[in-house]
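Start at 1 and go down the list; that is how both ligands and their atoms are numbered. When reading the values below, keep in mind they use all heavy atoms of this one structure, side chains included, and skip hydrogens, waters and symmetry mates.
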Amino acid sequence: MQLDGFDVVVVGAGFFGMTIAERVANELGRKVCVLDRRAHIGGNAYSEIDPDSGIEVHRYGTHIFHTNSETVWRYLQRFTEFTSYRHRVFTVARGRLYSMPINLATISAAFGRAMTPQEARLLIAAEADAHVHACGASAAQNLEDKAIASVGRTLYELLIRGYTQKQWQTEPSELSADIIGRLPVRLNFDDRYFADRYEGMPVDGYTAIFQRMLNSANIELHLGVDYFDIEDQIRPDQLVIYTGPIDRFFRYRCGELGWRTVDFAREVHDVADFQGTSVINYADADVPFTRIHEFRHLHPERDYREPKTTIYREYSRFAGRDDEPYYPINTAADRAILSGYRMMMEKRPNIIFGGRLGSYKYLDMHQAIGAALKTFGNEVTAFLVGQQMPSPAAMAG
Ligand code: FAD
Ligand code: UDP
């Protein structure tokens, strides 16, 4: 593989890398090459048709598009339309089913009686106060304290503790409070998982978005190529957009960053509907998986005729070096390691680190696209346009 003629080499064909590649090719007309070590485009948003059921599945787990960003929403409209899908999740706990995220229906079901918003607020506040008095927990320092402060002890024990332990394999009292901040708590009957202004599923699936990005521009794509096998070809005047794990880029010199990975166990069932909805969480610590995904429900508008369905059971664990890193764990030790890598990045002016793995940040798809558009408008353009400035000799004519 020859990289000689390219102005920009993008490592990773996920949303971050492909957005930058599309902009560089279409907006600046510069020569860009995208490579990915996987055999497909799309990064973790990749979708494909399951050959046994004919249903479009998300190989790396259910992906729901949602955003409040007008810029990101408008940008994606160039490559896809969206359905009106609205994500709703249920949780099974101790043999009963609850609506998730926690809302008034969840609270009423957990306490076995209809409750008004005011009654629910008082009940949660009483349980939260009791927790503060019992263990002197101050302003929500960790996930456990924050969860009990926002939903009370009963709901925490029922719906959060076991799920979080399984998902993170760490005690909730040792996890950062921000993790639970992602999950809203509502004292009304709004049961939508996301509250963003825009939400939906791409009409033709995620992979079609990436294919259209490629088709819209002059981008050369190389799949099944690991950057570290061609790294020595890169010249200092070429810009690299690196969206792989930061610690791997620097050969783990400052240490390994902590990641969580997930394993999916695929099953095809000879029924038209396995669980009645796209995602059901399993809160009990003794159920080994965290959730079951059933992909047919992501596209109720499609005419899936076969009485077959594909489900994935999701299992969570710490990632080793050879696993796919999914979620940054981000402990204090991780942050110390990261600051070492940040110093090393500053010495590499022609490499831009980005995306979920390259920034060691949990980014949703819209955040990865938003960050890529910003990076394109700032660092990428500055690097490439700076190169195009005529030399003093040329200016003198
Ligand atoms: P990625 O999609 O991970 O792409 C990085 C690419 O770089 C990969 O394809 C990888 O193979 C490649 N790469 C890495 N190293 C190298 C190398 N050395 N050489 C060549 N290629 C390399 N977001 C939402 O908005 N909604 C959701 O519902 C949602 N659900 C999710 C569920 C799960 C289980 C997970 C893990 C994530 C979910 N996300 C969701 C987040 C979403 O997946 C990310 O926002 C998105 O994938 C980020 O894009 P990216 O380009 O930064 O990274
Ligand atoms: N969570 C939980 N029970 C649930 C769903 C979520 O306890 O049924 C907690 C868990 O700690 C999780 C956090 O809320 O890590 C954030 O949930 P989200 O769905 O955003 O997690 P994701 O799977 O996207 O990391």
Side-chain angles (χ1 to χ4, degrees), residues 9-20 34-46 58-67 72 87 89-93 98 100-102 106 143-144 146-147 151 155-156 158-168 170 172 175-176 178-184 193-194 196 199 201 206 210 222-231 241-246 248-249 259-262 264 278-283 290-291 293 298 312 314 316 324-327 354-359 361-369 371-372:
V9 175
V10 173
V11 183
F15 268 120
F16 190 93
M18 283 297 296
T19 300
I20 294 203
V34 175
L35 47 97
D36 201 300
R37 61 181 171 168
R38 290 173 172 168
H40 60 73
I41 49 175
N44 277 6
Y46 175 67
H58 299 172
R59 191 186 285 184
Y60 304 94
T62 302
H63 277 65
I64 313 295
F65 191 81
H66 58 95
T67 187
V72 170
H87 198 44
V89 173
F90 297 90
T91 296
V92 172
Y98 300 91
M100 180 60 76
I102 292 171
T106 322
L143 193 153
E144 179 168 277
K146 170 116 191 246
V151 300
L155 290 158
Y156 168 71
L158 182 68
L159 301 171
I160 295 176
R161 189 176 181 185
Y163 187 90
T164 302
Q165 277 170 337
K166 280 194 290 190
Q167 206 177 18
W168 295 92
T170 305
L175 286 169
S176 153
D178 347 321
I179 295 174
I180 199 77
R182 293 163 53 83
L183 204 64
Y193 205 74
F194 303 111
D196 286 353
E199 181 179 350
M201 297 300 297
Y206 286 100
F210 294 96
H222 292 273
L223 295 174
V225 177
D226 193 314
Y227 173 68
F228 299 106
D229 294 335
I230 51 89
E231 190 182 19
I241 310 294
Y242 176 82
T243 73
I246 312 174
R248 181 161 183 234
F249 184 90
W259 294 92
R260 218 161 49 69
T261 192
V262 286
F264 294 104
S278 48
V279 177
I280 296 190
N281 292 354
Y282 285 81
T290 49
R291 36 188 182 181
H293 307 256
L298 296 173
Y312 285 4
E314 178 176 330
S316 191
E324 287 289 346
Y326 275 64
Y327 297 92
R356 199 173 44 97
L357 306 171
S359 59
K361 278 196 194 126
Y362 187 91
L363 298 178
D364 273 330
M365 293 179 281
H366 64 283
Q367 293 166 318
I369 297 165

Looking only at protein heavy atoms, what sits closest to atom 28 (O) of ligand 1 is I64 N, 2.8 Å
Is there a polar contact between ligand 1 and R37, counting only N or O atoms under 3.5 Å apart? yes
Using a strict 4.0 Å cut-off to heavy atoms of I179, name the atoms of ligand 2 that fall inside it. 13 (C), 15 (O), 16 (C)
Which protein heavy atom lies closest to atom 47 (O) of ligand 1, and at what distance to 0.1 Å? N44 CB, 3.7 Å
Considering non-hydrogen atoms of the protein only, which is the closest contact for atom 7 (O) of ligand 1, and what is the distance? G12 CA, 3.2 Å
Provide the number and element of each atom of ligand 2 under 4.0 Å from a heavy atom of T164. 7 (O), 9 (C), 10 (C), 11 (O)
What protein heavy atom sits nearest atom 9 (C) of ligand 2, and how far away is it? I180 CD1, 3.6 Å
Tell me the contacting part of I160 for ligand 2: side chain, backbone, both, or neither, using a 4.0 Å heavy-atom threshold, strictly below. both
Looking only at distance, does H63 have an N or O less than 3.5 Å from an N or O of ligand 1? yes
Would you say ligand 2 has an N or O under 3.5 Å from any N or O of R260? no
Could you tell me whether some N/O pair between M100 and ligand 2 is separated by less than 3.5 angstrom? no
Polar-atom distance check: E314 versus ligand 1, any N or O pair below 3.5 Å? no
Any side-chain heavy atom of D229 sitting closer than 4.5 Å to one from R37? no
With heavy-atom distances below 4.0 Å as the criterion, list the atoms of ligand 2 near R291. 23 (O)
Checking side chain to side chain donor-acceptor pair (under 3.5 Å) for the pair E199/H87: CA distance, chi angles, key distance, verdict? CA-CA 8 Å; E199 181 179 350; H87 198 44; 5.7 Å; no
L159 heavy atoms, cut-off 4.0 Å: which ligand 2 atoms fall inside? 2 (C), 3 (N), 7 (O)
Ligand-side contact atoms (ligand 2) for residue partner T91, heavy atom cut-off under 4.0 Å: 8 (O)
re atom 19 (O) of ligand 2, the protein heavy-atom contact at minimum distance is Y193 OH, 2.5 Å
Which protein heavy atom lies closest to atom 9 (O) of ligand 1, and at what distance to 0.1 Å? D36 OD2, 2.7 Å
Identify the protein heavy atom lying closest to atom 51 (O) of ligand 1, giving its residue, its atom name and the separation to 0.1 Å. F16 N, 3.0 Å
With a heavy-atom distance limit of 4.0 Å, tell me whether V89 approaches ligand 2 through its side chain, its backbone, both, or neither. neither
Atoms of ligand 2 under 4.0 Å from any heavy atom of Y362, numbered from 1 in the order shown, are 24 (O)
Identify the closest protein heavy atom to atom 15 (N) of ligand 1: which residue and atom is it, and at what distance? G244 CA, 3.5 Å
Which atoms of ligand 2 have any heavy atom of L183 under 4.0 Å away? 1 (N), 6 (C), 14 (O)
Tell me: protein heavy atom nearest atom 15 (O) of ligand 2, and distance? Q167 OE1, 2.7 Å
Could you check atom 5 (C) of ligand 1 against the protein and tell me its nearest heavy-atom contact, residue, atom and distance included? T243 OG1, 3.7 Å
Can you name the nearest heavy-atom pair linking Y60 to H40, along with the distance? OH-NE2, 2.8 Å
Top protein contact for atom 45 (O) of ligand 1, by heavy-atom distance: L363 O, 2.5 Å
Mind listing the closest non-hydrogen atom pair of A13 and D36 along with its distance? N-OD2, 2.7 Å
With R260 as the cation and Y327 as the aromatic partner, state whether NZ or CZ is under 6.0 Å from the six-membered ring centre and within 45° of the axis. yes
